[in-house]
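Report on the structure given below.
Here is the naming used below: chain letters follow the sequence lines, and residue numbers restart at 1 for every chain. None of the values given here were measured: they were computed from a predicted structure.
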Amino acid sequence: MATTLKPADPNQLRDMVLFMASKKTPAEIVGAGTKRGLGRPLDLDYRIETGALAGIDLYEPEELVMRAGAGTRLAHIERALETHRQQLAFEPIDYGPLLGEPAGKASIGGVFACNLSGPRRVKAGAARDHLLGFVAVSGRGETFKSGGRVVKNVTGYDLCKLMAGSWGTLAVMEQVTFKVLPAPEATATLLIQGLDDRRAIRLLTLALQSPHEVSGAAHLPAGIGAGAAAADIAGPATLLRLEGVPPSVEARVAALGELIGGDGIDILDGAASLAIWRALRDVLPFAGQADRPVWRLSVPPAAGAGVVAAIGAQLPAEAYYDWGGGLIWLMLDRRADAGAGLIRAAVGDVGGHAMLVRATPEVRASVPVFEPQDRAVGGLTRRIKEGFDPVGILNPGRMYAGV
Amino acid sequence: MKMPEPDAAILSRRQAIATALGAIVPGEGVIVDEEERRAYESDGLTAYRQLPLIVVLPTTTQQVAAVLRYCQGEGIKVVPRGAGTSLSGGALPLTDGILLGLGRFKRILDIDYDNRCVVAQPGVTNLAISDAVAERGFYYAPDPSSQIACTIGGNVAENSGGVHCLKYGMTTNNLLGLEIVTMEGEIVRLGGRHLDADGYDLLGIMTGSEGLLGVITEVTVRILPKPATARALLIGFQTSESAGDCVAAIIAGGIIPAGMEMMDRPAIHAVEAFVKAGYPLDVEALLIVELDGPKPEVDYLIGKVEAIARENAAVSVRISTSEAERLAFWAGRKAAFPAVGRISPDYYCMDGTIPRHRLPTVLARIRQLSARHGLEVANVFHAGDGNLHPLILYDANNSGELEKAEEFGADILRLCVEVGGVLTGEHGVGVEKRDLMPIMFSDDDLKQQQRLKCAFDPKQLLNPGKVFPVLHRCAELGRMHVRSGFTPFPDLPRF
Ligand SMILES: Cc1cc2nc3c(=O)[nH]c(=O)nc-3n(C[C@H](O)[C@H](O)[C@H](O)COP(=O)(O)OP(=O)(O)OC[C@H]3O[C@@H](n4cnc5c(N)ncnc54)[C@H](O)[C@@H]3O)c2cc1C
């Protein structure tokens with residue numbers, strides 16, 4: 001049983017990291033701990049939880065900026081934003097349901113450390129694109145900062161990008177400053193039924209090539225929709241989301257409908273639209289089947305259907321597409337290697353990466369969870385880690401063995 | 001400006017080094033002749049000039065790798081250069097260093113409409129990418145004012161922005177992939193045509209690294225379908241406070257314009273005298289607000305912005321009713337730098353960013369500083385994101401005036417940081433703001449950044465003397481001093 005340390009303030013956090021460094025004792029770094037099941041499993045004597053470094057200490061809606069302790073609950077932040085009709089435009093996934101954890105518990109530090117995003121990624125970017133600044137403690141036990149509170153900033157290296165997606169392996173963030181944006185006043189979803197994967201991806205491509213500012217482009221092959229809880233769609237469903245001010249959404253629904261060929265398009269608006277995108281964002285179609293491995297593939301969007309076909313030809317797989325085909329959520333039957341070789345070969349053929357997001361700890365310990373790196377990138381990764389955390393005390397091995 | 005001490009041994013070997021480089025880059029690719037080298041002696045920050053040891057203009061990634069490997073082996077410094085439009089001296093040559101020009105990497109390698117991206121060599125200009133995809137109604141969103149000249153490689157190195165980055169982001173938000181060569185001569189591919197990194201975001205780190213981490217030899221950018229319509233408002237105010245309030249009210253109203261630019265009275269007058277854009281001359285501040293997107297949306301938001309402007313004491317509002325009129329609104333803003341160049345022998349362009357609401361305070365303080373330093377200033381801003389471009393007017397022929405302009409500029413940047421902003425919004429640190437870095441960063445902050453440099457370039461041969469005020473050796477930066485014998489916190493809550 002690991003000893004859990006809960007720093008009450010930044011100085012305690014720094015002292016704890018210094019202690020770990022002096023003892024050369026690694027620690028698992030967690031916010032709320034909802035994503036502990038992601039990445040390579042860690043079995044360490046200490047855990048540092050940032051949950052008490054919480055609270056919004058700056059929110060200026062007209063400046064589109066918020067600053068909060070890394071341990072602040074995402075749900076708390078979203079409530080504060082709602083009162084000013086604002087949002088985190090990158091629509092971070094809540095991994096809770098997929099990983100068998102409760103929903104709505106994630107911390108904002110974890111959201112940035114894992115570079116989360118959602119369907120709106122295609123239009124609004126990922127967490128990386130919204131992190132403006134941070135304060136963190138490196139594995140050297142040194143508190144440092146980067147960035148600031150303004151959007152336009154090229155002063156020094158952009159360490160915000162490095163922290164986003166470093167999974168707590170480089171430094172422990174204690175405070176994050178990020179960009180917030182107006183929430184759309186209206187939302188509507190075009191639903192087209194009955195397309196096979198290839199035709200669906202072609203349609204999504206057409207829509208994303210149009211000037212209609214599509215903010216969600218997904219396709220659910222037959223059988224997946226039922227699990228999405230949000231809508232009882234039986235056959236394949238292709239979904240296009242439009243958001244904005246009401247007159248704009250209305251006009252674009254019409255124009256996009258015409259572009260993709262008028263007949264047989266259903267329109268979901270308001271709550272129905274919100275619910276289905278939330279379900280897709282949180283991978284609800286694959287929730288609750290804990291023993292079946294789930295992969296997250298990022299590929300060139302037009303190649304999406306081909307990748308799924310290549311995998312499906314060899315292994316029974318269920319998959320659905322987001323990001324116009326560029327993001328694939330894929331679930332397999334239970335297998336010792338979680339289908340890693342086949343999946344990575346299929347992704348390798350088109351360029352992209354595959355992450356094993358749900359699997360038993362044994363599988364995650366034996367199969368590379370993150371895309372294996374080539375020699376050059378692997379070398380840079382190791383040297384960067386050494387620069388931030390020379391003793392290797394922060395989440396060692398969470399991403400790659402030895403990093 | 002102090003640059004690293006030139007290495008006499010390297011200087012004395014110029015001919016031998018040129019011969020070795022000639023074997024890697026044959027033909028016209030190696031320039032030793034002093035007159036020809038002079039074309040590369042400075043970038044857009046023309047106050048600083050220095051002849052490079054040798055100029056090398058490779059044409060292939062393999063050649064870049066071989067040049068870097070050779071220089072790494074011989075301990076020769078290298079300065080990468082695109083079009084040389086940097087305003088911060090990032091491409092300033094070193095007398096004992098090779099200037100590595102990427103100007104011959106001029107090909108667009110692939111246009112992929114299905115995946116909505118373009119693969120280009122680094123020497124392709126920013127505008128050439130948009131031009132190449134215009135026939136299908138696409139464009140590349142970041143649009144620095146220098147876009148006819150600056151290269152996409154330089155844009156990545158500087159993380160350049162433009163008037164439309166308020167809505168569409170800077171270079172870093174529009175980049176999918178890179179090929180880079182490290183100082184050790186290793187070719188590294190990052191990203192591709194898919195979104196987001198699988199491991200550390202090295203693509204994000206390379207962007208804005210000012211040529212210090214690697215040489216960019218290929219770039220993949222996202223392209224966007226052109227908005228269906230764009231319209232602009234030209235709004236005049238009696239005070240910069242009202243203009244600032246109007247900007248804040250637009251954003252608070254949930255509107256993110258495609259661009260929101262402000263000019264103060266001296267800038268308006270300089271511009272109007274130059275391009276006759278039809279700007280009102282009896283106002284203290286002028287805002288250009290552009291809205292783009294589907295026509296019904298643009299028309300609707302134009303109405304909202306107009307109402308907000310009137311509520312915030314606008315004294316004149318013009319709304320473009322044709323493409324020609326919209327472009328006329330912009331013609332003045334786009335000509336602001338040359339217009340100021342006409343009324344003053346020299347000008348010095350600053351680039352700090354501030355929280356938007358501090359605009360009136362900062363403007364007032366800039367006016368005080370202007371009086372104190374005895375130099376005029378004209379202000380143009382990317383008001384939507386708080387990025388200021390004060391243009392300090394001076395005459396380099398008057399002895400001491402350049403130094404005065406620099407002191408004035410430094411005071412403006414100190415002020416930006418003091419009110420919660422940063423030293424540079426889009427032009428980069430380079431040599432220009434290098435010595436001001438400690439205003440914003442502690443010693444530990446800067447050391448941590450330099451450790452990143454050490455991961456890419458442990459001998460620190462790539463563009464040294466830029467960005468960091470103090471060069472620490474990597475061995476020293478790598479060392480860790482931890483007191484042992486820490487007591488494990490008897491007073492800590494644990495569970
Ligand atoms: C009139 C004018 C207007 C401008 N307007 C804007 C503006 O609106 N927004 C804005 O952001 N900037 C603006 N700039 C600044 C400048 O144009 C940008 O910084 C531009 O991106 C520089 O590109 P370049 O090709 O000229 O690069 P260079 O000036 O040649 O180099 C810039 C830096 O990048 C490095 N570099 C260049 N190419 C490579 C490469 N292939 N690999 C690695 N490192 C490389 C260099 O070492 C140097 O540090 C303006 C400049 C001028 C002169």
> Where does B:F138 contact chain A at under 4.5 Å (heavy atoms): side chain, backbone, both or neither?
Replying inline: side chain
> At what distance, to the nearest 0.5 angstrom, does OG1 of B:T424 lie from NZ of B:K433?
Replying inline: 4.0 Å
> When rounded to the nearest 0.5 angstrom, what is the spacing between OH in A:Y157 and OG in A:S146?
Replying inline: 11.5 Å
> Does the side chain of B:H382 come under 3.5 Å of the side chain of B:E426 through a donor N or O and an acceptor N or O?
Replying inline: yes
>> Can you confirm whether more than 12 heavy atoms, excluding those of B:K295, are under 6.0 Å from its NZ atom?
In response: no
> Is there a donor-acceptor pair under 3.5 Å between the side chain of B:N115 and the backbone N or O of A:A302?
Replying inline: yes
> Between A:R85, A:K24, A:R121, which shows the greatest number of heavy-atom pairs under 4.5 Å with chain B?
Replying inline: A:R121
>> With a 4.5 angstrom heavy-atom cut-off, is it the side chain or the backbone of B:D196 that approaches chain A, or both, or neither?
In response: both
>> Between A:E63 and A:R149, does any side-chain N to carboxylate O distance fall below 4.0 Å?
In response: yes
> Side chain of B:T220, backbone of B:R193: donor and acceptor closer than 3.5 Å?
Replying inline: no
>> Could you tell me if the side chain of B:V247 sits less than 4.5 Å from the side chain of B:F381, heavy atoms only?
In response: no
>> Please classify the contact between B:M440 and chain A as side chain, backbone, both or neither, with a heavy-atom cut-off of under 4.5 Å.
In response: both
>> Using a 4.5 angstrom heavy-atom cutoff, name the option from A:Q86, A:R375, A:K145 with the most pairs to chain B.
In response: A:K145
> With no hydrogens and no angle check, do the side chains of B:D444 and B:S442 hold a donor and an acceptor under 3.5 Å apart?
Replying inline: no
> Side chain, backbone, both or neither: which part of A:T205 has an atom under 4.5 Å from a heavy atom of chain B?
Replying inline: both
>> Need one label for A:E60: side chain, backbone, both or neither, based on atoms under 4.5 Å from any heavy atom in chain B.
In response: side chain
>> Taking side chain as everything from C-beta outward and backbone as N, CA, C, O, which of these in A:M355 sits under 4.5 Å from a heavy atom of chain B? Side chain, backbone, both or neither.
In response: neither
>> Using a 4.5 angstrom heavy-atom cutoff, name the option from A:H353, A:E213, A:E250, A:E62 with the most pairs to chain B.
In response: A:H353
>> Quick check on the interface: out of B:A197, B:S88, B:C454, B:A248, who has the most heavy-atom pairs with chain A under 4.5 Å?
In response: B:A197
> Which of the residues A:V151, A:V350, A:N115, A:L64 is involved in the greatest number of heavy-atom pairs with chain B at under 4.5 angstrom?
Replying inline: A:L64
>> Under 4.5 Å from any heavy atom of chain A, what part of B:F456 do you find: side chain, backbone, both or neither?
In response: both
>> I'd like to verify something: which residue of A:V245, A:V377, A:L380 has the highest number of heavy-atom pairs under 4.5 Å with chain B?
In response: A:L380
> Among B:V417, B:T182, B:L452, B:V429, which residue forms the greatest number of heavy-atom pairs with chain A at distances under 4.5 Å?
Replying inline: B:L452
> So, the side chain of B:T353 versus the backbone of A:K152: is there a donor-acceptor pair under 3.5 Å, distance only?
Replying inline: yes
>> Closer than 3.5 angstrom, by distance alone: can the side chain of B:N174 be matched with the main-chain N or O of B:M170 as a donor-acceptor pair?
In response: yes
> Nearest 0.5 Å, what's the CG-CG distance between B:L202 and B:L178?
Replying inline: 10.0 Å
> Which atoms of B:Q449 come close to chain A, meaning under 4.5 Å heavy atom to heavy atom: side chain ones, backbone ones, both, or neither?
Replying inline: both
> Measuring heavy-atom distances to chain A, does B:P355 have an atom under 4.5 Å in its side chain, in its backbone, in both, or in neither?
Replying inline: both
> What part of B:C117 lies closer than 4.5 angstrom to a heavy atom of chain A: side chain, backbone, both or neither?
Replying inline: neither
> Which answer fits B:R479, side chain, backbone, both or neither, if we ask what part of it has an atom under 4.5 Å from a heavy atom of chain A?
Replying inline: backbone
>> Looking at chain A, which one of B:K447, B:E297, B:Q448, B:M206 has the largest number of heavy-atom pairs inside 4.5 Å, strictly under?
In response: B:Q448
>> Under 4.5 Å from any heavy atom of chain A, what part of B:L446 do you find: side chain, backbone, both or neither?
In response: neither
>> For the CG atom of B:L190 and the CG atom of B:D198, what is their distance to the nearest 0.5 Å?
In response: 9.5 Å
> With only heavy atoms counted, which part of B:K453 is less than 4.5 Å from chain A, the side chain, the backbone, both or neither?
Replying inline: both
>> Need one label for B:K167: side chain, backbone, both or neither, based on atoms under 4.5 Å from any heavy atom in chain A.
In response: side chain
>> Less than 4.5 Å to any heavy atom of chain B: does that hold for the side chain of A:V403, its backbone, both, or neither?
In response: side chain
> By a 4.5 Å heavy-atom criterion (distance strictly below it), what part of A:I201 contacts chain B: side chain, backbone, both, or neither?
Replying inline: neither
> With a 4.5 angstrom heavy-atom cut-off, which part of B:Y113 approaches chain A: side chain, backbone, both or neither?
Replying inline: both
> Who among B:G199, B:A228, B:P227, B:G253 has the most heavy-atom pairs with chain A under 4.5 Å?
Replying inline: B:G199
> In terms of side-chain geometry, is the basic nitrogen of B:R434 or B:E210 positioned less than 4.0 Å from the acidic oxygen of its partner?
Replying inline: no
> Can a salt bridge be assigned to the pair A:R383 and B:E186 using a cut-off of 4.0 Å between side-chain N and carboxylate O?
Replying inline: no
>> Looking only at heavy atoms and a cut-off of under 4.5 Å, which of A:G165, A:G148, A:A251, A:G352 has the most pairs with chain B?
In response: A:G352
> So how far is it from A:L13 CG to A:L18 CG, rounded to the nearest 0.5 Å?
Replying inline: 9.5 Å
> Which region of A:F370, side chain (C-beta onward) or backbone (N, CA, C, O), has a non-hydrogen atom less than 4.5 Å from a non-hydrogen atom of chain B, or is it both or neither?
Replying inline: side chain
> Among B:V467, B:L212, B:L195, who wins on heavy-atom pairs under 4.5 Å with chain A?
Replying inline: B:L195
>> Please classify the contact of B:R136 with chain A as side chain, backbone, both or neither, using a heavy-atom distance under 4.5 Å.
In response: side chain
> Which one of A:R382, A:Q373, A:E371 satisfies the side chain to side chain donor-acceptor pair (under 3.5 Å) criterion with A:Y400?
Replying inline: A:Q373
> Considering only heavy atoms, which portion of B:M437 lies under 4.5 Å from any heavy atom of chain A: side chain, backbone, both, or neither?
Replying inline: side chain
>> Under a 4.5 Å cutoff for heavy-atom pairs, which residue among B:R189, B:E158, B:H427, B:R222 has the most contacts with chain A?
In response: B:R222
> How many angstroms lie between atom CD of A:Q209 and atom CD1 of B:I223, to the nearest 0.5 angstrom?
Replying inline: 8.5 Å
